[in-house]
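For reference, positions follow the sequence shown, starting with 1.
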Amino acid sequence: MPNYCCQQDHSAFANPDDVFSARHCANNKLPMGRLSGLFWAIVPPIIATVLCLSTTTHTTSAQQPQTDAKPTPAKTSQSLAGNQISLNGRTLPGAWLQRPGTAGQVKTHISDGVLKQLIGVDLLSSNNPARQPIDWFSSTKRPVLAAQLLEGYRYLDITNFAQAAGWQMQANGNILMIAIPKAQIKNILQSQPPSDKTVATLQSDRIVVDLDRPTPWQVSQGLPIKRPQTPTLDPDTPTPKPTAPPNRKWTVTLDGIADPLLIQRYTPLPPPPPSLPDLLKQLPPALPDPEALIQQVEVVKNQTIIHLSVPFGLSPRISTVANPNRLVIDIRPDAMLPRDITWATGLRWRQQFVNLGAERFPVVWLEVNPRQVGITLKPIWTNSDTLTGTAPLIQTAQRYLAAAAINGGYFNRNNKLPLGAIRRDNQWLSGPILNRGAIAWNNSGQFYLGRLTLEETLIAPNNLKLPILFLNSGYVQSGIARYTPAWGATYTPLTDNETILVIQKNQIIQQLPGGKASEAAVPIPPDGYILTLRGNAANTASQLPIGTTVSLSSATTPADFNRYPYIMGAGPLLLQNNQIVLDAKSEKFSNAFIAEKAIRSGICTTTTGTLMIAAVHNRAGGSGPSLAEHAQLMKLLGCVNALNLDGGSSTSLYLGGQLLDRSPNTAARVHNGIGIFLQQKR
């Protein structure tokens, strides 16, 4: 998020909604100041690692509460806000605000993404955006928290919930300090799957963690686990490669201390002692079986971390129960639970498994009413000053203050440049390539999907007309390409021996040799552009001497795209008029890309005019959908026009500070996306 000028003391706001200004001071390092003696008495610092809400893991000081005393409500007439939360001493990103309540009570609100990902609170289905039922070590009666929208976040009032749970909370500058009483982990039990393998695919291993009290927990997906390879006896025979995909690391982290016997039970064996024969002494240290579900249990500064090895096609489903307090970890092929949450008026979060023949695909999507007053969609990208760069979508969305977002079009991961159409406010930021699929829209809730080509022509005296093949694009081919100030302040040649023409106020003012790629940068006039002539196109430079007056003509094919101020290109096009029109070869996608089964992102419109942005992950027990399966799934969701977006590790579906579809640490950096913005009434 951007830095704003911040005072070091608590800021007061005449309008309660103006607390937004204080929340953006996270990057300014404010002094901690003095907290109440009671709060600091229960918070000695330690070091721990937890799951954070961005793709960067934060390791900071942690704290160990020493008392179960109920918090004493602070009295304030001010509204406070920030975007950092210190949970038992670990400072993490998280939007929060405090407002005066009745009888001098302070009302504390934190974003629902923080509550879910940092505390482990489950958000339950709800059709009321102002009321959010939750589950966190709940009995039969589930708490319902008041909710409100503010600057791209949905804040939940946790005041009574936190008091009932015995939490201590106090604001300190930009940081909300939360101290939760320390839990004891009394036992960790693993049940074995049924011997019948057909049954095991429906209900696999279960781990039950017994606790003496409710405690925050986080879950994080890690990297594949390498299997040790056993060499063959014949040195001329290569070691066989494993036929099945490797297991994947997962960690479940709880705020609490496990009994030493539990640590010993799940601790890898030490290496052989020196007294054994020399042959045994040469053996490597014994490691846990890579196929064993629980690899290790360790305590790291008042947190217990359970390391898991989860087979391909399975993932943890985690739930909590009360009386007795337990964390239940089920390893399942269908771990995702269905949800239907009206997050805001006109914005609905849904997730469920969608059946396609015998296959079941987990789909997470947002339904948007683009005609709802206050809802707008716009392309977003990493850096407003240049088209170069990538970042996690969660960071880009927060920087733009988008309430929701999905990753957008393709880009070159090496030079971090766009490979497809991006148009915003009637300005081309990057032109389309290869007649690929694109979606266009306006602020009236109208959309158009099709395969898009931009035809630009340079017109010079004597009726000279030269085609411009690419606009602000990282896609490099022989021919003429144009780069405008939207590209950045300068252009650095992407290939060797380009000829560069500098045009200012419709006149060629310079002809320059480009030299070697990536070396000399050429300034782009703010009231002009540059042309780069590659390959045989360099021969046309003699027809365009310095001083030549030039003009441009520009049109899209189909012409319908010309009517829309916003465009995002990706591809391939999946659906048009309720018909599957997938033709990846015509959009110049490779055979490998076409055949791949991978995680997918998509955007579509329905018969009612609703817009949907969706993420489809690996099918139950297997890989993600093929392009053909993706088209069918989008149709099953009710789409009539649909476009495939960049996928794989780029797939990211963002809502109010959280990724809905995956662990943030598994999401790749992306160049651009589509943001959904909510304008709240003041």
Side-chain angles (χ1 to χ4, degrees), residues 51 120-122 124 135-140 183-222 224-225 227 244-269 286-299 303-338 353 360 362 617-622 663:
L51 174 69
V121 170
D122 193 8
L124 306 178
D135 183 18
W136 192 72
F137 298 95
S138 305
S139 55
T140 54
Q184 292 292 326
I185 298 171
K186 300 187 293 184
N187 204 355
I188 301 175
L189 297 174
Q190 178 184 346
S191 63
Q192 297 299 318
S195 57
D196 184 349
K197 294 300 181 183
T198 61
V199 177
T201 59
L202 299 177
Q203 175 63 61
S204 295
D205 289 317
R206 164 173 285 190
I207 299 170
V208 176
V209 182
D210 287 330
L211 303 161
D212 69 336
R213 64 182 304 126
T215 192
W217 60 269
Q218 304 91 35
V219 61
S220 179
Q221 184 180 5
I225 298 175
R227 292 190 180 100
N247 289 10
R248 184 172 284 272
K249 295 179 181 178
W250 285 81
T251 58
V252 179
T253 304
L254 301 95
D255 275 37
I257 305 297
D259 185 279
L261 292 178
L262 293 177
I263 305 301
Q264 184 178 355
R265 185 193 305 172
Y266 296 107
T267 298
L269 297 174
L287 297 174
D289 179 1
E291 306 299 317
L293 177 57
I294 301 178
Q295 294 284 289
Q296 184 182 9
V297 175
E298 61 176 340
V299 174
Q303 282 191 303
T304 296
I305 305 174
I306 304 173
H307 299 267
L308 304 178
S309 172
V310 178
F312 174 78
L314 306 179
S315 54
R317 174 192 291 180
I318 302 180
S319 57
T320 59
V321 296
N323 303 319
N325 296 300
R326 286 175 171 171
L327 191 79
V328 180
I329 307 168
D330 287 317
I331 309 300
R332 302 176 59 97
D334 54 350
M336 186 183 73
L337 289 169
F353 276 85
R360 302 182 67 207
H617 281 255
N618 291 338
R619 73 194 73 200
S663 296

Answer whether the closest heavy-atom distance between the side chains of [X] and [Y] falls below 4.5 Å.
X      : Y      : result
Thr320 : Asn325 : no
Arg265 : Asn187 : yes
Gln296 : Tyr266 : no
Val219 : Thr251 : no
Ile318 : Asp122 : no
Gln184 : Ile257 : yes
His307 : Glu298 : yes
Phe312 : Pro246 : no

Separation of [Y] [atom2] from [X] [atom1] (nearest 0.5 Å):
X      : Y      : atom1 : atom2 : result
Trp217 : Leu211 : CH2   : CG    : 12.0 Å
Gln295 : Glu291 : CD    : CD    : 8.5 Å
Leu314 : Ile331 : CG    : CD1   : 7.5 Å
Phe137 : Ser319 : CZ    : OG    : 9.5 Å
Ser138 : Leu124 : OG    : CG    : 8.0 Å

*So, Arg360 and Asp334, do they make that salt bridge, N to O below 4.0 Å?*
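Salt bridge: yes.
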*Ionic contact status for Arg206 with Asp330, cut-off 4.0 Å*: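 Looking at Asp330 and Arg206, the cut-off is met.
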*Is the backbone of Gln303 close enough, under 3.5 Å, to the side chain of Asp255 for a donor and an acceptor to pair up by distance?*
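No, because the side chain of Asp255 does not come within donor-acceptor range (under 3.5 Å) of the backbone of Gln303.
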*Test item: Ser309 side-chain N/O and Leu293 main-chain N/O as donor-acceptor pair under 3.5 Å*: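 Checking the backbone N and O of Leu293 against the side chain of Ser309, no donor-acceptor pair under 3.5 Å is found.
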*Check the pair Asp205, Gln190 against side-chain contact (heavy atoms from CB on, under 4.5 Å), reporting the backbone distance first and the verdict last.*
CA-CA 7 Å; Asp205 289 317; Gln190 178 184 346; 3.9 Å; yes
_Run the side-chain contact (heavy atoms from CB on, under 4.5 Å) test on Ile185 and Leu262 for me, step by step, so that the C-alpha distance in whole Å, both residues' side-chain angles and the decisive distance to 0.1 Å come before the verdict._
CA-CA 9 Å; Ile185 298 171; Leu262 293 177; 4.1 Å; yes
_Ile329: which of Ile188, Ile294, Ile207 passes side-chain contact (heavy atoms from CB on, under 4.5 Å)_ =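 Of the listed residues Ile188, Ile294, Ile207, the side-chain contact (heavy atoms from CB on, under 4.5 Å) partner of Ile329 is Ile207.
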*Show your working on side-chain contact (heavy atoms from CB on, under 4.5 Å) between Gln221 and Arg248 and close with a plain yes or no.*
CA-CA 8 Å; Gln221 184 180 5; Arg248 184 172 284 272; 2.7 Å; yes
